[in-house]
Amino acid sequence: MTSATTQLNGTHLIFFSPTQTSAKIARAIGEGIGMGRRMETDLTLDEQTSPIEMNGELCVIAVPVYGGRVAATALQRLQRLKGNGSPAILVVVYGNRDYEDALLELRDTAVQLGFVPLTAGAFIGEHSFSTPELPIAAGRPDADDLQQAREFGKSSLEKWEKLQATGTPITELTVKGNFPYKQLTPGAPACPTCTDGCFACGECIEVCPTHAIHFSEDQSSIETDIHKCIKCCACVKCCPNEAREFNTPFAAILHEKFSARRQPELFF
Ligand SMILES: Cc1cc2nc3c(=O)[nH]c(=O)nc-3n(C[C@H](O)[C@H](O)[C@H](O)COP(=O)(O)O)c2cc1C
Ligand code: SF4
Ligand code: SF4
């Protein structure tokens, strides 16, 4: 239990978000909180290891779900954070299938890093594997999701203010999920490929969180290191010529089985 007696020192949005859905939710929550200074730490392309110290900000930590767990690269990048007792709003964003143990894993990680979980939420984002032909939660978060995220930010701040006004300690936050967490089943290495439409502009190189893409020796095409690829599909979604595709059998399965709209789940 942590006593809620300190003043908040602004808001700090922290995320890992290759296809930007977690970032959009984090920013909407930040808008809902609305008060004071707002900082942003985007860990998507940031491979540094130097510590990032929190200083009493209300932190929003948002990460995508991969295989029912926190995306492994996100988990690695979060290790730099030093919570120093700062309250945190914890968010997982998933592609309308399920988030299984990801939110519990994020809560436990946040505690280990020195944060005090205040509230938590599971939101829905367009699935990384979604295509125009096989849409999976296409276009999400949409206006309704973002409105719910803003309201969640507002209610989270209200929870903090109420606790502070009454001097009530923050008790352990209960979220959905099981421990031991779902076993990760490492799939066969795979990565997106380029079609003939690729004109080697290099834009996908810029957005790859693991630096798996590089120019060929003669600079005329691009190559991908399949062992570095985390299948995040940032490169697919950013290509200005729609020349990058990730052919996975999961897209059809997800499109068929998980088309019913799921709604955000919130924990206070
Ligand atoms: C390798 C991989 C595994 C995924 N696993 C899940 C999953 O278990 N459940 C789910 O609903 N969505 C899953 N997704 C979809 C992402 O959670 C979803 O698209 C999320 O919005 C991506 O976040 P970002 O836009 O911040 O990168 C997976 C995506 C990838 C790339
Ligand atoms: S962004 Fe598209 S066109 Fe540009 S290098 Fe990558 S795949 Fe090729
Ligand atoms: S090459 Fe792999 S890791 Fe890099 S952006 Fe594309 S899908 Fe993501």
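FYI, side chains are in, hydrogens and waters are out, and symmetry mates aren't considered; it's all heavy atoms of this structure. Start at 1 and go down the list; that is how both ligands and their atoms are numbered.
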So which heavy atom in the protein is nearest atom 8 (Fe) of ligand 3, and how far is it from that ligand atom?
Cys232 SG, 2.4 Å
Ligand 1 to Phe129 polar contact by distance, N or O atoms, under 3.5 Å
no
Indicate, with yes or no, if Leu90 and Ile14 share a hydrophobic cluster defined by side-chain heavy-atom contacts under 4.5 Å among Ile, Leu, Val, Met, Phe, Trp and Tyr.
yes
So, regarding Glu126 and ligand 1 (criterion: nitrogen or oxygen to nitrogen or oxygen, under 3.5 Å), is there a contact or not?
yes
Side chain, backbone, both or neither: the part of Ile230 lying under 4.0 Å from ligand 3 by heavy atom:
both
Within a reach of under 6.0 Å around CD of Gln219, are more than 12 heavy atoms found that belong to other residues, nucleotides or ligands?
yes
Identify which protein N/O/S atoms are less than 2.8 Å from atom 2 (Fe) of ligand 2.
Cys239 SG
Pro192 touching ligand 3 at heavy-atom level, < 4.0 angstrom
yes
of all protein heavy atoms, closest to atom 17 (O) of ligand 1 is Val65 O, 2.6 Å
Below a 4.0 angstrom heavy-atom separation, can you tell me which part of Ile213, side chain or backbone, both or neither, approaches ligand 3?
side chain
Take Lys176 and Glu265 through the test salt bridge (charged side-chain N to carboxylate O under 4.0 Å, His left out) and record every step on the way to the result.
CA-CA 9 Å; Lys176 211 169 91 177; Glu265 289 170 57; 3.4 Å; yes
4.0 Å heavy-atom contact, Thr224 with ligand 3:
yes
Compute the shortest N/O to N/O distance between Pro64 and ligand 1 and return yes if it is under 3.5 Å, no if not.
no
Heavy atoms only, cut-off 4.0 Å: how does Phe15 contact ligand 1, side chain, backbone, both, or neither?
neither
With a 4.0 Å cut-off on N to O distance, would you call Arg140 and Glu126 a salt bridge?
no
For Arg262 and Ile124, the nearest pair of non-hydrogen atoms, with its separation, is O-CD1, 3.4 Å
Hey, what do you get for CZ (Phe199) to SG (Cys194), rounding to the nearest 0.5 Å?
11.0 Å
Any heavy atom of Ile124 under 4.0 Å from ligand 1? The part involved is neither
What distance separates Phe152 CZ from Thr119 OG1, expressed to the nearest 0.5 Å?
3.5 Å
Identify, by atom number and element, the atoms of ligand 1 in contact range of Ser128, meaning under 4.0 Å from any of its heavy atoms.
15 (C), 16 (C), 18 (C), 19 (O), 22 (C), 29 (C), 30 (C), 31 (C)
Do you know which two heavy atoms are closest between Lys24 and Leu146, and how far apart they sit?
O-CD2, 3.9 Å
Does Asp98 approach ligand 1 within less than 4.0 angstrom via side chain, backbone, both or neither, non-hydrogen atoms only?
backbone
Would you say Cys233 touches ligand 3, if touching means a heavy atom closer than 4.0 Å?
yes
Flag if over 12 foreign heavy atoms under 6.0 Å of CZ, Phe250:
no
Kindly confirm or rule out an N or O of Pro18 lying under 3.5 angstrom from an N or O of ligand 1.
yes
Please answer: with hydrophobic residues joined when any side-chain heavy atoms are less than 4.5 Å apart, are Val92 and Leu75 in the same cluster?
yes
Looking only at N/O atoms, are Cys232 and ligand 1 under 3.5 Å apart anywhere?
no
Looking only at heavy atoms, the pair that brings Ser22 and Ala62 closest together is O-CB, 3.7 Å
